[in-house]
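Quick note on labels: first sequence line is chain A, next is B, and so on, each numbered from 1.
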2 protein chains.
Amino acid sequence: MDVNPAATRVDTRGFILQQAIPLFAEAGYSGVSMRDISRAVGMSAAALYHHFPDKQALYLAAVNHAFVDKAEGIRQALAGGGTAVARLERFVERFTELMAKDPDFRKLLHRELLDGDVTRLKLLADQVFLEPYKAVVALAKELAVDLDPYMLANSVVGLVLFCFETEPLRRHLPGRIPSHDRPATIARHASTLLVRAVAR
Amino acid sequence: MDVNPAATRVDTRGFILQQAIPLFAEAGYSGVSMRDISRAVGMSAAALYHHFPDKQALYLAAVNHAFVDKAEGIRQALAGGGTAVARLERFVERFTELMAKDPDFRKLLHRELLDGDVTRLKLLADQVFLEPYKAVVALAKELAVDLDPYMLANSVVGLVLFCFETEPLRRHLPGRIPSHDRPATIARHASTLLVRAVAR
DNA sequence: GTCTATAGCCTGATAGAC
DNA sequence: GTCTATCAGGCTATAGAC
């Protein structure tokens with residue numbers, strides 16, 4: 001929510017991260033230079049080194065910032081009561097909405113899955129994804145006792161994310177209509193498919 | 001299938017592409033230098049410019065090479081008769097096997113979805129994915145008249161690919177057992193979920 | 001905390017010998 | 001077709017003034 005220009009000196013570090021996140025999301029670690037970031041922030045590249053020891057540390061902080069931010073939203077999407085199916089539908093809808101609203105999180109996640117080294121992925125697993133993952137797995141256990149809950153949990157998230165991921169390609173394939181990329185449509189499709197699969 | 005060293009002069013261009021593909025798959029366009037490729041191929045960086053006008057062209061040729069190669073396998077996975085459900089199960093199993101056997105194709109695809117510009121993605125859509133996409137959509141139409149066939153086709157592929165994609169992260173999350181990443185397990189899970197969803 | 005200037009290395013790409 | 005040598009420019013990171 002902080003959109004102060006760097007000149008006001010309020011949380012310069014956070015401001016740098018905020019400007020760096022969309023750059024890294026769009027072009028990846030090696031596709032963004034410290035000069036690119038300095039330009040986006042509005043200060044010299046040398047000044048960045050006052051706030052971060054090196055590029056790697058800046059990138060790590062940016063990814064962490066983006067992920068911890070969104071993790072709260074995912075946690076909220078999992079809150080609330082009702083039947084297992086009702087909670088699934090609510091989670092899918094809210095999660096889809098979250099991913100649609102901020103593409104940076106999703107892109108950074110895909111990039112980390114491709115580029116992240118073991119240490120970084122372990123860190124993300126422990127500090128960001130552990131809690132929501134456990135919650136989705138618990139939900140999956142309720143939904144279908146005869147399906148592997150870990151694989152089902154993965155599929156819930158995957159059905160949503162894959163729609164966003166393939167959009168740039170599906171744009172050029174036949175039969176595509178604009179509604180295919182509306183969050184509500186994506187959520188409804190994923191929900192329908194999952195609910196049918198777990199209804200025995 | 002060609003594994004001749006460059007020195008034998010048999011299809012040097014193809015040999016370069018073969019060596020470049022895993023590099024680009026692992027580190028992306030900006031993560032691989034012409035010198036990296038020259039080292040892998042066993043010739044000087046300058047020599048690469050005899051076969052390709054610039055790095056961009058080499059990358060494009062490498063991606064095309066990798067994709068056209070695999071498209072044939074996907075086409076075969078879609079061949080054959082039987083009921084719609086039987087063809088779905090066979091496709092999922094063979095497609096999963098294909099993705100497991102050669103991670104480069106999958107990683108390059110994910111990278112293109114993140115990095116590919118409009119022109120490149122249009123080219124890939126027309127020249128590589130159009131035919132198999134249409135076949136999976138046709139299968140989806142048979143499977144469930146009351147589901148959007150385009151979204152269902154996307155989900156079929158996504159359920160498989162997302163398992164591979166998230167493996168590096170799931171490694172560090174609880175409840176994971178080795179079998180979750182075996183192709184047969186992934187295919188069975190995706191098939192089960194899909195068959196249940198389309199069985200009315 | 002931010003700047004300018006710059007070190008030292010790596011980059012894509014070219015020239016010209018063989 | 002491949003090599004060595006090289007260019008011009010971009011890269012990360014540092015030094016030191018303010």
- State plainly whether the residues A/D115 and A/R120 are in salt-bridge range, i.e. N to O under 4.0 Å.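 Looking at A/R120 together with A/D115, the answer is no, because their closest N to O distance does not fall below 4.0 Å.
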
- Task: Kindly work out whether a path of hydrophobic side-chain contacts (I/L/V/M/F/W/Y, heavy atoms less than 4.5 Å apart) joins B/L123 to B/F105.
- Result: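 Cluster IDs for B/L123 and B/F105 differ.
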
In whole angstroms, how far is the [atom2] atom of [N] from the [atom1] atom of [X]?
X	N	atom1	atom2	result
B/I37	C/dC10	CD1	P	17 Å
B/Y59	C/dA13	OH	P	15 Å
B/Q56	C/dT11	CD	P	17 Å
A/Y29	D/dT12	OH	P	8 Å
B/K55	C/dG12	NZ	P	4 Å
A/M34	C/dA7	CE	P	20 Å

So, [X] versus [Y]: side-chain donor-acceptor pair below 3.5 Å or not?
X	Y	answer
B/S155	A/H189	yes
A/H180	B/D148	yes
B/Q18	B/H65	no

Just the atom pairs and distances: protein N or O near nucleotides 8-10 of chain D's N or O, under 3.5 Å.
none

- Should the ring pair A/Y59 and A/F24 be called parallel, tilted or perpendicular, given that the plane angle runs from 0 to 90° and is split at 30 and 60?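 Answer is perpendicular, since the angle exceeds 60°.
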
- Message: Working note: B/S44 + B/S38, criterion side chain to side chain donor-acceptor pair (under 3.5 Å); need CA distance, chi angles, decisive distance, verdict.
- Response: CA-CA 5 Å; B/S44 74; B/S38 79; over 6 Å; no

- Query: So, do B/Y133 and B/F129 have ring centers that fall under 6.0 Å from each other?
  - Reply: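 Between B/Y133 and B/F129, the centre distance exceeds or equals 6.0 Å.
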
- Query: Got a sec? Which of residues 44-54 of chain B come in under 4.0 Å of DNA chain C, heavy atoms?
  - Reply: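 Under 4.0 Å from DNA chain C: B/A46, B/Y49, B/D54.
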
